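What follows is a structure written as structure tokens; I'll ask about it next.
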Amino acid sequence: MKKIIALLLALTMVLTLTLTAVAENIVKIGVYEPATGSNGAGGKQEVLGIQYANEVAPTVDIGGTTYTVQLVTVDNGSTADKGPSAAQALVSEGVSVVLGSYGSGVSIAGSPYFAEAGIPAIGISCTNPQVTAGNTHYFRICFLDPFQGTVLANYAFKTLGVKNAYLLAELGSEYDVGLCHYFQQAFEALGGTVTSETFPTDTSDFTGYISTAVALGAEVLFAPVSPQYSPLIINQASAQGVTFPLLGGDTWDNNKVAESTMGTSLKVIIDTFYQEGGNPEFDAGFKAWLNANPDMLTNNGGNDMVSAVSPLGYDAYFVALEALKAAGSIDGKAVNAALWNVTYSGVTGDIAFEQVNGDAIRNAAYIKTANTETGAWDFVTVQSVE
């Protein structure tokens, strides 16, 4: 009986919030992102893209009525155990659609609560296939790890010409472990040799792992880890005189990661969703907006370098607006139904969803390398799966 009463109270609260939003012509978009934990830095940069988009387009016309868009932001703490309470907080606020999260594991953790409430979610940079697999409410606008892992393996084997790879992932990380798995599959299929290891959460000393890679004769070290760890790996690899390239996934596309290579002789290569300069109009507007607000600049890592997740967040916001317009309603179920057929030409490219899992149709990734003199990312090439 207590559970039934609690459920009724929760439903009453959601109904009240929804009716209030309708009366005041407000539509709420949930922002489900990490501000703390290992993915906090990347989460903040993803949120910046959403916030900038909201600044550019603070209203949306839905069914002939102009609504003010209100962002409801929660911190999911970067972990699967904190994700559910953050997701429930958004549900209780009566949001119509959710954006996020940076981090696949926490996206998966929040997913059932959005599904139960009939609220669609749009993944921004969560690349693990399990985020959208087997459900009809979670979409995503980025490429997936099987694609990303294959792109990186092809680049390492065919362009860098390496045959022996050492892989390092955080134990328990859906993203790290999954991406290493897909890289290994593709790299071994090409004829390469792989040694793969994991490290415990909150590790700060990677010298032993780097020494192992050297001893095994590794020609490349692939560590698709969060920005909590990648600068440490870079600094410690440099201190040990490593000569082979360090390879990272999209999580390495962070200004602090690039800056950590300054003064080293390392070759650091990543793949990502966007390269600064790809859309000069967006870059100029976003940088001006960042520089006008010290807090925003701090959340971007202290400078105005454009991380790929920021334009992705920007695009996700506008995809959500397109779904709201197509639905003609702020009801989550109507928005969910409309999302399947949404198309949008964004900063990061054309966005459309395939009709099985709601994944974005993407066929290319940007390859970038760290400039050890300027501490910025330099464009290398656009790479597809061969």
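Heavy atoms only: backbone and side chains are in, while hydrogens, waters and symmetry mates are out. This structure is a prediction, so every number in the text was calculated from the model and none was measured.
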Taking side chain as C-beta onward, heavy atoms only, is Trp377 less than 4.5 Å from Asn255?
->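 Not touching, per the 4.5 Å side-chain cut-off.
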
Over all heavy atoms of both residues, which pair between Ser329 and Asp331 is shortest? Give the atoms and the distance, please.
->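 Nearest pair, atom of Ser329 first, then Asp331: OG-N, 2.9 Å.
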
Within-4.5 Å side-chain heavy-atom neighbours: Tyr32 and Leu90 =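 Yes, side chains in contact.
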
Polar side-chain atom of Glu197 near backbone of Thr195 as donor-acceptor pair, under 3.5 Å =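 No: the side chain of Glu197 does not pair with the backbone of Thr195.
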
Take Ile269 and Val380, measure what side-chain contact (heavy atoms from CB on, under 4.5 Å) needs, and give me the verdict at the end.
-> CA-CA 9 Å; Ile269 302 164; Val380 177; 5.7 Å; no

Which atom of Val382 lies closest to which atom of Ala364, heavy atoms considered |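 Of all heavy-atom pairs spanning Val382 and Ala364, the closest is CG1-CB, 3.6 Å.
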
Which heavy atom in Gly313 sits nearest to a heavy atom in Ile50, and how many Å separate them?
->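 Scanning both residues, the minimum pair turns out to be O-CG1, 3.6 Å.
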
Lys163, NZ atom: more than 12 neighbouring heavy atoms under 6.0 Å |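 More than 12 within 6.0 Å, yes.
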
Stepwise side-chain contact (heavy atoms from CB on, under 4.5 Å) check, Ile234 with Leu266 = CA-CA 8 Å; Ile234 288 168; Leu266 293 174; 3.8 Å; yes

Using a distance-only test with no angle check, is there a side-chain donor-acceptor pair under 3.5 angstrom linking Asn39 and Glu33?
->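 Judged by distance alone, the side chains do not pair up.
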
Ignoring hydrogens and angles, state whether a donor on the side chain of Asp250 or Tyr175 is under 3.5 Å from an acceptor on the partner side chain.
->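 Checked: Asp250/Tyr175 side chains pair up, N/O donor to acceptor below 3.5 Å.
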
Looking only at side chains, do Tyr229 and Asp176 share a donor and an acceptor under 3.5 Å apart?
->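 The criterion, which ignores hydrogens and geometry beyond distance, is not satisfied for Asp176 and Tyr229.
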
Under 3.5 Å, is there a donor-acceptor pair linking the side chains of Tyr317 and Asn54?
->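 Side chains of Tyr317 and Asn54: pair found under 3.5 Å.
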
For Asp61 and Thr66, does a side-chain donor sit closer than 3.5 Å to a side-chain acceptor?
->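 Indeed, the side chains of Asp61 and Thr66 share at least one donor-acceptor pair under 3.5 Å.
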
Any donor-acceptor N or O pair under 3.5 Å, side chains Thr348, Asp315 |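 Looking only at side-chain atoms, Asp315 and Thr348 do form a donor-acceptor pair, the distance falling under 3.5 Å.
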
Going from CG on Leu247 to NZ on Lys267, what distance comes out if it is rounded to the nearest 0.5 angstrom?
->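 These two atoms lie 10.5 Å from each other.
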
Qualifying residue for ring-ring contact (aromatic ring centres under 6.0 Å, His included) with Phe282, from Phe318, Tyr314, Trp289 |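 With Phe282 as partner, Phe318, Tyr314, Trp289 yield a single ring-ring contact (aromatic ring centres under 6.0 Å, His included), made by Tyr314.
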
Quick one: do the His181 and Ser196 side chains pair a donor with an acceptor below 3.5 Å?
->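 No, because no side-chain N or O of His181 sits under 3.5 Å from a partner of the opposite role on Ser196.
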
Relative to the ring of Tyr366, is the ring of Phe379 parallel (under 30°), tilted (30 to 60°) or perpendicular (over 60°)?
->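 Plane angle over 60°, so perpendicular.
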
Would you tell me whether Thr207 and Asp205 have side-chain atoms, one donor and one acceptor, within less than 3.5 Å of each other?
->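 Short answer, yes.
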
What heavy-atom pair brings Cys180 and Ala169 nearest, and what distance separates the two atoms?
->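 The pair with the smallest heavy-atom distance is SG-CB, 3.9 Å.
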
Electrostatic pair Asp378-Lys368, nearest N-O below 4.0 angstrom =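 No.
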
Pair Tyr166 and Phe222, ring centroids less than 6.0 Å apart =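 That pair fails the under 6.0 Å test.
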
Taking atom types as modelled and ignoring hydrogens, do the side chains of Thr201 and Glu170 form a donor-acceptor contact shorter than 3.5 angstrom?
->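 Glu170 and Thr201 do have a side-chain donor-acceptor pair below 3.5 Å.
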
Can you find a side-chain donor-acceptor pair between Glu259 and Asn303 that sits under 3.5 Å?
->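 Yes, because at least one side-chain N or O of Glu259 sits under 3.5 Å from a partner of the opposite role on Asn303.
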
Backbone N or O of Asn235 within a donor-acceptor pair of the Ser238 side chain at under 3.5 Å?
->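 Not a single qualifying donor-acceptor pair exists.
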
Does Gln240 reach the main-chain N or O of Val242 with its side chain, forming a donor-acceptor pair under 3.5 Å?
->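 Checked: no pair found.
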
Check against side-chain contact (heavy atoms from CB on, under 4.5 Å), Tyr274 and Val306 = CA-CA 9 Å; Tyr274 179 78; Val306 180; 4.1 Å; yes

So, Ser96 side chain and Ile330 main chain: donor-acceptor pair closer than 3.5 Å or not?
->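 Present.
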
Are Thr132 and Asp359 close enough that a side-chain donor and a side-chain acceptor fall under 3.5 Å?
->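 Indeed, the side chains of Thr132 and Asp359 share at least one donor-acceptor pair under 3.5 Å.
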
Ser107 and Ser101: which non-hydrogen atoms are nearest, and at how many Å?
->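 Scanning both residues completely, I find the closest heavy atoms to be OG-N, 3.2 Å.
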
Would you check, one step at a time, whether the test side chain to side chain donor-acceptor pair (under 3.5 Å) holds for Asn254 with Gln45?
-> CA-CA 9 Å; Asn254 179 283; Gln45 289 180 315; 3.2 Å; yes

Do Met262 and Thr374 have side-chain heavy atoms sitting under 4.5 Å apart?
->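 SC-SC contact between Met262 and Thr374 ruled out.
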
Can you label the angle between the Phe143 ring and the Phe273 ring as parallel, tilted or perpendicular, going by 30° and 60°?
->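 Tilted.
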
Is any side-chain N of the basic residue among Glu93 and Lys28 closer than 4.0 Å to the acidic one's carboxylate O?
->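 Lys28 and Glu93: salt-bridged.
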
Taking it one step at a time, do Ser384 and Asn363 satisfy side chain to side chain donor-acceptor pair (under 3.5 Å)?
-> CA-CA 6 Å; Ser384 60; Asn363 60 7; over 6 Å; no

Before giving the answer on side-chain contact (heavy atoms from CB on, under 4.5 Å), spell out for Phe244 and Val162 the whole-Å C-alpha distance, their side-chain angles and the decisive distance to 0.1 Å.
-> CA-CA 9 Å; Phe244 48 70; Val162 301; over 6 Å; no

From CA spacing to verdict: side chain to side chain donor-acceptor pair (under 3.5 Å), Thr127, Asp145 | CA-CA 5 Å; Thr127 51; Asp145 284 336; 2.5 Å; yes

Do Lys287 and Glu276 meet the salt-bridge criterion of a basic N to acidic O distance under 4.0 Å?
->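 A salt bridge links Glu276 with Lys287.
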
Could you tell me whether the side chain of Ser78 reaches within less than 4.5 Å of the side chain of Thr36, counting heavy atoms only?
->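 No; the side chains remain at least 4.5 Å from each other.
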
Does a sphere of radius 6.0 Å around CD in Glu373 hold more than 12 heavy atoms from other residues, nucleotides or ligands, not counting ones at 6.0 Å or beyond?
->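 Open.
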
Which pair of heavy atoms, one from Ile108 and one from Gln130, lies closest together, and at what distance?
->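 Here Ile108 and Gln130 meet closest at CD1-CB, 3.7 Å.
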
Is there a donor in the side chain of Thr272 and an acceptor in the side chain of Asp253, or the other way round, less than 3.5 Å apart?
->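 Yes, because at least one side-chain N or O of Thr272 sits under 3.5 Å from a partner of the opposite role on Asp253.
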
